[in-house]
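Here the structure is laid out as structure tokens; the discussion comes afterwards.
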Amino acid sequence: MLRGMRWLLRIVLLLATLAAGGTFIPRPLIAPVKASPAEAIHRILLLSGSIHTDIAIPLDEETRAAFSFLDEPDFPLGHPNAEWLVIGWGGRAFYLETPTWAELKPLPVLRALTIDRSVLHVDLAGHIAEPQSDVTAFDIGDDGLARLREFIADSFVRNAGAIAPIPDAGYGEIDRFFEAKGYFNALFGCNTWTAAALRSAGLRTGLWNPLPQSLRLSVDVYN
């Protein structure tokens with residue numbers, strides 16, 4: 001029993017050390033070149049919850065064109081009150097079956113702790129007030145926003161060029177779920193995908209950010 005507790009303590013200490021290193025070792029190590037002052041500047045948002053992060057990108061004409069494959073009557077990209085496209089990546093079982101903490105079930109938790117297929121969750125948002133403790137804003141240039149759009153669009157699974165929606169899946173009237181590339185587990189999950197998306201836009205994150213708290217801290221330090 002005592003030996004087992006020692007091994008458990010070692011594992012916990014190892015994970016804590018890795019998490020600390022992942023937060024304070026920047027990725028990339030060399031800071032990217034900043035956008036030219038002549039470039040248009042675009043605001044993107046990191047939306048943080050207790051265990052999950054989303055990215056919100058402005059619904060300008062270029063974004064609507066890049067994601068025209070999402071536009072349909074039930075998901076109106078051109079709605080006059082829609083200001084943001086909100087995207088998150090996560091484990092299929094946990095994401096689909098746990099819209100609220102009150103609906104938490106053992107099987108989705110087990111899948112999240114092991115390995116699961118992934119999905120993308122997309123939603124539309126109107127005005128998002130700033131500042132808020134769970135909203136972190138970044139200003140990026142044209143090229144950064146274009147790369148971010150490309151990263152997100154490339155995360156959708158496509159069958160013969162068409163995205164793969166998950167029928168009857170969503171938390172509300174507008175949001176949608178789609179099959180996504182990659183596999184999910186707790187060590188390389190939604191927040192590491194978000195970090196990779198931010199890096200595609202020219203921002204720096206920690207080397208490994210499995211939690212929203214470590215991701216927020218690293219982007220605050222390095223951007």
Side-chain angles (χ1 to χ4, degrees), residues 11-12 14-16 18-19 22-23 27 44-57 67 69-70 75 84-125 134-136 148-159 162-201 205-219:
I11 292 171
V12 170
L14 175 61
L15 290 175
L18 290 173
T23 300
R27 183 177 179 183
I44 64 170
L45 305 176
L46 170 65
L47 309 179
S48 306
S50 55
I51 62 170
H52 178 78
T53 49
D54 290 312
I55 292 177
I57 60 177
F67 292 94
F69 57 84
L70 294 174
F75 197 81
W84 300 93
L85 178 65
V86 181
I87 310 100
W89 182 96
R92 183 185 179 96
F94 197 94
Y95 223 160
L96 294 179
E97 299 180 36
T98 317
T100 67
W101 285 113
E103 297 168 84
L104 186 65
K105 306 182 189 73
L107 184 57
V109 173
L110 178 62
R111 295 296 297 270
L113 293 175
T114 53
I115 192 167
D116 195 6
R117 293 164 59 191
S118 62
V119 295
L120 281 162
H121 181 241
V122 298
D123 203 354
L124 298 174
D134 55 355
V135 176
T136 306
L148 177 57
R149 293 191 196 106
E150 183 178 357
F151 178 93
I152 294 168
D154 189 54
S155 295
F156 287 84
V157 163
R158 295 177 186 269
N159 299 319
I163 56 176
I166 299 173
D168 304 318
Y171 297 157
E173 294 182 2
I174 293 180
D175 65 307
R176 306 284 301 281
F177 280 96
F178 297 87
E179 302 287 359
K181 295 179 181 178
Y183 286 87
F184 175 97
N185 66 58
L187 297 180
F188 296 94
C190 54
N191 302 303
T192 58
W193 180 90
T194 302
L198 294 175
R199 289 193 297 272
S200 76
T205 70
L207 183 64
W208 178 55
N209 296 119
L211 298 172
Q213 295 80 6
S214 68
L215 179 55
R216 284 202 312 269
L217 179 57
S218 69
V219 294

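Side-chain atoms are counted along with the backbone in the values below, which use heavy atoms only and exclude waters and symmetry mates.
- Residues Leu187 and Pro210 are not in side-chain contact: their nearest non-hydrogen atoms beyond the backbone lie 4.5 Å or more apart.
- Side-chain contact, Thr205 with Arg199: a donor N or O sits under 3.5 Å from an acceptor N or O.
- Within 6.0 Å of atom OH in Tyr183, 12 or fewer heavy atoms from other residues, nucleotides or ligands are found, so the atom counts as exposed in its surroundings.
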Evaluation steps, side-chain contact (heavy atoms from CB on, under 4.5 Å), between Leu45 and Thr136: CA-CA 6 Å; Leu45 305 176; Thr136 306; over 6 Å; no
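- Counting only heavy atoms from C-beta outward, the side chains of Asp154 and Lys181 approach each other to under 4.5 Å.
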Check against side-chain contact (heavy atoms from CB on, under 4.5 Å), Trp89 and Phe184: CA-CA 9 Å; Trp89 182 96; Phe184 175 97; 3.6 Å; yes
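- The two residues Val119 and Gly91 have their closest heavy-atom pair at CG2-O, 4.3 Å.
- Interatomic distance, Ile51 CD1 to Cys190 SG, rounded to the nearest 0.5 Å: 6.5 Å.
- Ala56 approaches Val86 most closely through the heavy-atom pair CB-CG2, 4.1 Å.
- Proximity of Arg176 to Pro165: side-chain heavy atoms (C-beta onward) are separated by under 4.5 Å at one or more points.
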Ile163 and Leu70: CA distance, side-chain angles, deciding distance, side-chain contact (heavy atoms from CB on, under 4.5 Å) verdict: CA-CA 9 Å; Ile163 56 176; Leu70 294 174; 3.9 Å; yes
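- Using the six-membered ring where Trp is involved, Trp208 and Phe188 have ring planes that are tilted, between 30° and 60° apart.
- Taking 4.5 Å as the limit, every side-chain heavy atom of Glu179 sits out of range of all side-chain heavy atoms of Asn159.
- Taking the six-membered ring wherever Trp is involved, the centroid distance between the rings of Phe177 and Tyr171 falls below 6.0 Å.
- Residue Thr53 holds its OG1 atom at 10.0 Å from CD of Gln213, rounded to the nearest 0.5 Å.
- Rounding to the nearest 0.5 Å places CG of Asn209 at 8.0 Å from CG of Asn191.
- To the nearest 0.5 angstrom, Leu207 atom CG is 11.5 Å from Thr192 atom OG1.
- Put simply, the side chain of Leu47 does not reach to within 4.5 Å of the side chain of Asp134, judged on heavy atoms.
- In this structure, Ser48 contributes its side chain and Pro212 its backbone to no donor-acceptor pair below 3.5 Å.
- Of all heavy-atom pairs between Phe151 and Ser200, the closest is CB-OG, 3.6 Å.
- Asp116 is not listed as a side-chain neighbour of Thr114, based on a closest heavy-atom distance of 4.5 Å or more.
- At least one side-chain heavy atom of Leu120 sits under 4.5 Å from a side-chain heavy atom of Trp193.
- Closest approach of Ser218 to Gly206, counting heavy atoms only: OG-N, 3.0 Å.
- Between Trp84 and Ile44, the shortest heavy-atom contact is CZ3-CA, 4.3 Å.
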Stepwise side-chain contact (heavy atoms from CB on, under 4.5 Å) test for Val122 and Phe67: CA-CA 11 Å; Val122 298; Phe67 292 94; over 6 Å; no
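- The CD1 atom of Ile87 lies 8.0 Å from the CG atom of Asp54; values are rounded to the nearest 0.5 Å.
- Between Leu198 atom CG and Ile55 atom CD1 the span is 4.5 Å, to the nearest 0.5 Å.
- Here the closest heavy-atom approach between residue Leu96 and residue Ala169 is recorded as CD2-CB, 3.8 Å.
- Ring geometry for Phe156 against Phe178 counts as perpendicular: the plane angle is over 60°, on a 0 to 90° scale with 30° as the lower cut.
- Using a distance-only test at 3.5 Å, with no hydrogens or angles considered, a donor-acceptor pair links the side chain of Ser118 to the main chain of Ala180.
- In this structure, His52 and Phe94 have side chains that are not in contact, with every pair of non-hydrogen atoms separated by 4.5 Å or more.
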